[in-house]
Amino acid sequence: MTSILAASGGSAYWYLTRSTGAVALVLLTGAVALGVLDVRRFSTPRWPRFVIDTLHRNVSLLAMAFLALHILTSVLDSFAPISILDAVIPFAGSYRPFWLGLGAVSFDLLLAVTITSLLRRRFGYGTWRAIHWLTYASWPIALLHGFGTGSDVRSTWLFGLSVACLAAVLAAVLARVIAGWPQNLRVRGAALGGAGVFSLFLLLWLPGGPLGTEWARRSGTPSSLLGHSTHTKSKEGSK
Amino acid sequence: MSQRVRVNPITCEAHGMCAELLPERITLDEWGYPIIDGEPLPEALISHAKRAAQACPTFALLVERDGTRPR
Amino acid sequence: MRSPLSTQTALLERDAPTRLDVGARTLPRLLRGAGADGAPLALDDHIATHGELPLEHKRRRRETSRLIEQLERAGLRGHGGAGFPTARKLRAVAAARGRAIVVVNATEGEPASLKDRTLCQLAPHLMLDGAQLAAQALGADEVLVAVCESASASVETVAAAIDERRRLGGARLRLSTTPPGYVAGQESALVNFLSNGPALPTFTPPRPFEQGVSRRPTLVSNAETYAHIALIARHGSEWFRALGTSSQPGSALVTLSGPVANPAVYEIEHGASLGELIDAAGGPTAGVRAALLGGYAGTWIDGAHLRGVALSDEHLAAHGATLGAGVIALLSDDACPVAETARVARWLANESAGQCGPCINGLDALAATVAEIAAGSAGGDAARRVERLTQLVRRRGACGHPDGVARFVHSALATFEPEFSDHARHGRCEACARPAELPLPAHTHTSARRTAQAVAR
């Protein structure tokens, strides 16, 4: 296995990083959607609450597993200079520092959520709940990380996937906000506002950003990597 | 030494998973809050009771031995 | 409700001597020497009336306190409503680990009760005596006296009495004013507040006797209970048992309100006749439809039966009632019992601490349904709905509030069945517009509470 990887110059890791990243995003989206949809309101006899709740938990853990693989393979990939520290310390790397850093931020938040969730009895309900709110930050940050760092952002499949994930979360938020209207008006209003602002931001930024010209250079890819290719498929540069 | 289920009504937020996992002892009222049958648990139900207590998001459901407190 | 601070004696010899060696079978006991001018009995007069504070000689650590044994022989029970045997409570606190602390519950959140206020304002030293005696028996060095902040007269007199007593020594006395509210005086709520938390009930166990104020073993008892302790310590258990019944010895303070000539706080012996009490209070000023016994968590007794009622738990049990906090609220023939019940039920629902779903939702639904019956807008099954709700809320809160409301409403529906049926069919009656007879505080306080939520299933 390692000889094949060596022969292909590490591109296997590169494929793995992208694919595990995509899967992690999908799983994370699923976890967030399941979490947003209040178990109480959306359970049915065929989908009892404990099932939705356990599904949420398992999807989240699976997402973390794929996230770990995503980080590991990105570090092992010899093309981009990403170290293991870049996974937890944001904005200090040399490869697209800001956009990669967002991934670290998201991962840090998710680490806190995971640890407090697995050790919920120790931390207590209040602490667990307060930290769990961080997921509302970690998901959009992960999405932005994907748009900013990913080299396939212009490819139909990944872009389409990202948009689908966004749509899923927006749909879940909308359903939840409507279902209990007008209780807790302030929180519901804030949720709608936040979702609207984020969507608007993406709408305005994407065309001139990752979908625009020379994004690789503008996003901070080291110049040594621009325009060079040791792989059969061009990674940077011409995008 | 028998075990029973009990709910802390202050921390209970009517998530309702306990009633799904231990219907033999827990039903929900019209507002979603648990009505607990506090009779001693037969051997067969104890693991289900513990699972129900684990599933409660707010740790409101308790499985207690007679005369002692849980945890 | 008129201030009942003119105290009265009832039923036995009316002229009680002020000497120390009072005959055992005379009243008043608690209110002796007090109240003629409405001013509190000063410390010197208190000592002249009742004698010195009988603090125990130092005893060896493991010796059970003489006081606890005395209280056990005397058969004293609590006067806060629950009637728990006092000696047993003291033993439980004594057996718990940690440095004990004593709390005097003089908060009296029951609107129809004025007995604790009366003690605070007319005979505060008796109550404080008992608290210091209990503290000594438990090895506690601190006593917290809890008085509702809105009872300003009581706050003043208790503070003054504490000041007066500094020269006596004994456990340190501290006055603590509590926020108003029906459940604020509940045992765990009071302990919660005194531990710098909110005045809201907590989930038990642990109960206060093992972990109370600042997690110390805490004795929480009613103001009147401590006053009885102070007299038992002086005169002994035999003396105490000379009045009352064998299962409920001693005397008690009751608050008699409603259509009588002299509504006031009376001291009676347990087992006294309600009919004779009403006569001692100057007799009824109108026909009496029913009497509410115990408090707003209590039970109604039909007016037709009142003459034969003896005021002890043993006899009241036949009517499904207890003496409780000593409330005897008479309702006149002119009042509308349905309107009164609806008003009180709504007030009680609003007084929920707002912590437990079944209480918030159940009491709200209960009050709403009773109101519908009162207005004649309820469906045919309204009475059945009310009954179902009273069953539904029992034992499902962290405290006994929902149980009390359920008992009150259930009893009202049974006692006032004709009026309720009438209202269900015809709606409001003429008497509905009359001013309220059952007392409620002028304003409803708002505790921190969740609004009633029905969760979609």
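Each chain gets a letter, A, B and so on, in the order the sequences are listed, and its residues count up from 1. Not measured: the values here are computed from a predicted model.
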> More than 12 foreign heavy atoms under 6.0 Å from CH2 of A/W133: is that the case here?
Replying inline: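 No - once you tally the heavy atoms of other residues, nucleotides and ligands closer than 6.0 Å, there are 12 at most.
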
>> To check you understand the geometry: which heavy-atom pair defines the closest contact between A/R49 and B/A14, and what is its length?
In response: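 Scanning both residues, the minimum pair turns out to be NH1-O, 4.2 Å.
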
> Considering only heavy atoms, which portion of A/R120 lies under 4.5 Å from any heavy atom of chain B: side chain, backbone, both, or neither?
Replying inline: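 Its backbone and side chain both get close to chain B.
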
Contacts under 3.5 angstrom, residues 53-60 of chain B side chains, donor-acceptor by atom type, not counting sequence neighbours:
from: B/T58; atom 1: OG1; to: B/T11; atom 2: O; distance (Å): 3.1

> Roughly how far, to the nearest 0.5 Å, is the CG atom of B/L21 from the CG atom of A/D53?
Replying inline: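 Those atoms lie 9.5 Å apart.
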
> Do A/F50 and B/H15 come within less than 4.5 Å of each other through their side chains, counting heavy atoms only?
Replying inline: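 No - every pair of side-chain heavy atoms lies 4.5 Å or more apart.
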
